[in-house]
Enquirer: 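Would you mind keeping the following structure in view while I ask a few things?
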Amino acid sequence: VSLIDDELIDRLRVGLDELTHDIGAEPPGIEAMVGLTNEFPQPGRSQRRLMVLAAAATALLVAVAGVLILLRDHHDATVDIPDSSVTTVSPVVTSGVQRLAVLPVPPTPEGWELLEWGSVRVALPPDLSPFHVGNACEHSISEAAVRVTCGDRWVEIHSGLYNGATPVTIVNGLHVLASLGGDCEGCESDAVTDLDATVSVDVGDNTLAASILATVGPSGTWRFENEPRPAPPAAWQTVSFDQVTIRVPSDWAVETTPDDASSTCPHVLRDRVVQLDHGFAVDCAQVEGLRSPSDGVRLYSAEPPLPIPTGRAEQIVTTGNDGAPTVVLEVGFGADPAIGLAILNSLASQPPVDAPTSPSVTRTDKPVVALGESVMLGAAPLMEARGIRTYAEVSAGPNKEMEWLQAALQHYNITYGVVIQLGSNGTVTREQYESLLAEVPARVQRIVMLTVHADRPWIDGNNAIIRSLPATHPNVIVLDWDALAAGPQFVGHLSSDGVHLKDDAAKTTYTNSVLQALGLPT
Amino acid sequence: MGPVMAEPVVAGKAFEAFYRRTWRDAARWATALTGDRHVGEELAQEAFLRVAARFGELDSPEAYLRTVVVNLARSAMRSSGRRVARERRSAMIDAAATHGGDAELLASLDTLSYEQRAVLVLRYWADWDEVAIAAALGCRPSTVRSHARRALVLLREEIQP
């Protein structure tokens with residue numbers, strides 16, 4: 001500090017002394033000030049921390065509510081919810097939850113609106129959207145979920161916090177749970193499992209629920225818990241584990257791993273295999289000979305918290321109504337997701353040994369059932385997502401489609417329509433076509449018959465019979481697939497054989513054409 | 001009288017002693033930091049109210065009082081705006097003139113940032129050490145030293161003809 005600064009500082013001291021000269025030594029309001037500490041008990045450190053946390057939580061809730069209100073007010077359309085169209089469905093033994101990660105997400109129906117929570121985006125129809133003013137929908141926010149309630153129907157989206165003790169609760173009735181795996185931000189408790197997002201839908205209508213769930217990326221196919229399993233291919237082998245039975249191709253290697261909690265054998269991440277970090281252990285000796293799920297299936301029991309699926313494989317979780325063990329099924333898709341889908345569809349849940357057996361099969365309402373060949377197989381995931389129960393297989397013939405129709409009639413009350421495509425793989429007689437039509441119950445309003453399209457000698461003859469059917473069967477509508485496939489809109493969208501659906505656009509157009517023929521919205 | 005009432009009374013006695021002992025210092029600090037005696041005394045009252053709310057759990061009520069005074073004065077200076085600053089400078093010049101103080105120098109303090117002003121006032125007039133100033137301002141001691149150097153340079157430039 002220089003001499004000049006010393007002089008400055010001296011002047012500063014003098015000036016400030018003079019400025020504060022008149023401040024008295026006796027503090028003002030001494031009695032009132034001291035009284036404060038007598039009258040009010042002061043909160044401790046922990047109490048203050050709680051107060052700060054409560055204030056922060058309140059501010060956060062207010063902010064989230066404000067954002068939702070802003071989003072709601074951004075939309076000014078008014079939609080009235082019609083009277084409840086809830087269909088009562090008889091409870092059945094639970095089956096499971098499935099998601100095929102390799103399938104594309106179907107397009108979101110026009111006019112639907114996105115509801116976002118955490119990392120999940122779900123599109124909802126206007127009458128189930130909280131953004132429309134004037135309908136009966138209310139939304140509520142809890143710590144880890146947003147729930148939209150519209151009368152008896154609801155949609156709930158969880159941000160990903162799941163109590164490890166109750167990882168997935170599967171219940172009877174119309175209730176669908178679907179989980180997407182992922183990291184969980186903010187998960188601090190050991191009791192919380194990293195399930196990134198969960199969507200629950202209960203809208204009293206499987207078709208609508210499927211449409212909603214189909215908008216959740218990156219999945220696309222779901223199965224309802226109240227939905228009986230379709231018949232698996234007859235030649236497939238049966239594999240049983242605990243309460244679960246599945247069917248797989250006969251040439252697949254199948255092994256089950258015992259639940260050995262004492263083993264410390266680490267689970268190995270292989271190509272296209274789900275990595276499982278915790279919740280179960282396997283016998284090391286058997287691991288040596290175990291083939292990858294990409295070549296087959298793997299079954300094991302698991303304790304919560306459930307493993308998180310990664311990669312291209314699939315996980316199914318099943319549990320019985322009586323607290324039966326949780327079973328995890330891994331399926332490797334290999335190069336063909338349709339095989340994985342067929343395996344998952346074959347999953348059947350067996351009733352407990354001591355459970356009373358029902359003398360009759362419980363059937364559920366199903367608006368539309370479709371029967372088809374390899375062409376329809378390509379569009380099957382999309383059709384399923386639109387609520388059409390679809391049976392399709394490569395080289396399917398009249399006997400196979402009759403078998404499927406009879407199985408479907410055992411499982412479902414077909415309430416609206418049947419879709420049939422038959423005749424691509426060989427000559428089909430009029431009697432065979434009419435036998436199929438005769439099996440369809442009279443209550444079914446529409447039977448959509450698709451013509452067939454291929455450069456084969458029997459195509460024209462089969463199509464002539466198909467086109468003539470409405471003359472004798474008034475509930476039959478012909479969808480001229482032969483003409484559609486030859487038209488300009490499918491140029492470049494069929495495989496090199498000119499028969500099969502090549503890309504997503506072709507599959508979507510095929511599905512929409514079926515829906516239009518049924519008189520349903522696309 | 002039961003044990004529930006005994007503790008507040010003890011706390012009240014201790015606070016009263018603390019209040020009597022430190023009041024004048026707090027009022028002078030606040031006055032020097034803001035340049036206005038009335039504002040300074042109000043800020044000192046406010047500071048003691050805040051100390052009273054936590055008095056029973058403070059390890060060093062003096063340190064807490066220093067921090068509260070410095071922060072309240074900063075808030076007062078920021079919220080006062082240019083109009084109030086001019087009024088404060090005028091009042092300060094009047095007060096200095098009344099008591100024979102250095103009106104020009106005190107008015108020049110208003111050209112400094114709050115941190116620079118606080119460092120000059122607290123270090124060279126109130127005799128706080130660098131650690132105490134840094135704690136109250138929420139900065140490092142080295143920052144206090146740099147504020148002091150810069151403030152003296154600016155002050156020299158301001159008062160030189």
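Just so it is clear: chains get the letters A, B, ... in the order the sequence lines come, proteins before strands, and each one is counted from 1.
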Enquirer: Please flag which part of A:D10 lies under 4.5 Å from any non-hydrogen atom of chain B: side chain, backbone, both or neither.
Expert: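 For A:D10, there is no contact with chain B at all, as no heavy atom is under 4.5 Å.
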Enquirer: Only heavy atoms, only distances under 4.5 angstrom. Which residues in residues 63-73 of chain B are near chain A?
Expert: none
Enquirer: Whether the side chain of A:R11 engages the backbone of B:L105 through a donor-acceptor N/O pair (distance < 3.5 Å, no angle test) should be reported.
Expert: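 No, because the side chain of A:R11 does not come within donor-acceptor range (under 3.5 Å) of the backbone of B:L105.
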Enquirer: For atom CZ of A:R13, decide whether the heavy atoms of other residues, nucleotides or ligands shown that lie under 6.0 angstrom number more than 12.
Expert: yes
Enquirer: Output the distance between atom CD (A:E7) and atom CZ (B:R156), rounded to the nearest 0.5 Å.
Expert: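 Going from CD on A:E7 over to CZ on B:R156, the span is 11.0 Å.
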Enquirer: What distance do A:I9 atom CD1 and B:R123 atom CZ have between them, rounded to the nearest 0.5 Å?
Expert: 8.0 Å
Enquirer: Taking all non-hydrogen atoms of both residues, which atom of A:P27 and which atom of B:Y19 are closest, and how far apart?
Expert: CB-CZ, 3.5 Å
Enquirer: Walk me through it: do B:W29 and A:T20 pass the test side chain to side chain contact (heavy atoms under 4.5 Å, CB included)?
Expert: CA-CA 9 Å; B:W29 299 335; A:T20 59; over 6 Å; no
Enquirer: For the OG1 atom of B:T34 and the CG atom of A:L19, what is their distance to the nearest 0.5 Å?
Expert: 8.0 Å
Enquirer: Does B:R20 pair with A:E26 as a salt bridge, N-O distance under 4.0 Å?
Expert: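 Salt bridge between B:R20 and A:E26, a charged N being under 4.0 Å from a carboxylate O: yes.
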Enquirer: Is it the case that over 12 heavy atoms from other parts of the model lie below 6.0 angstrom from the CZ atom of B:R140?
Expert: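 12 or below, so no.
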Enquirer: Once you round to the nearest 0.5 Å, how far does CG of A:L12 lie from CG of B:L155?
Expert: 7.0 Å
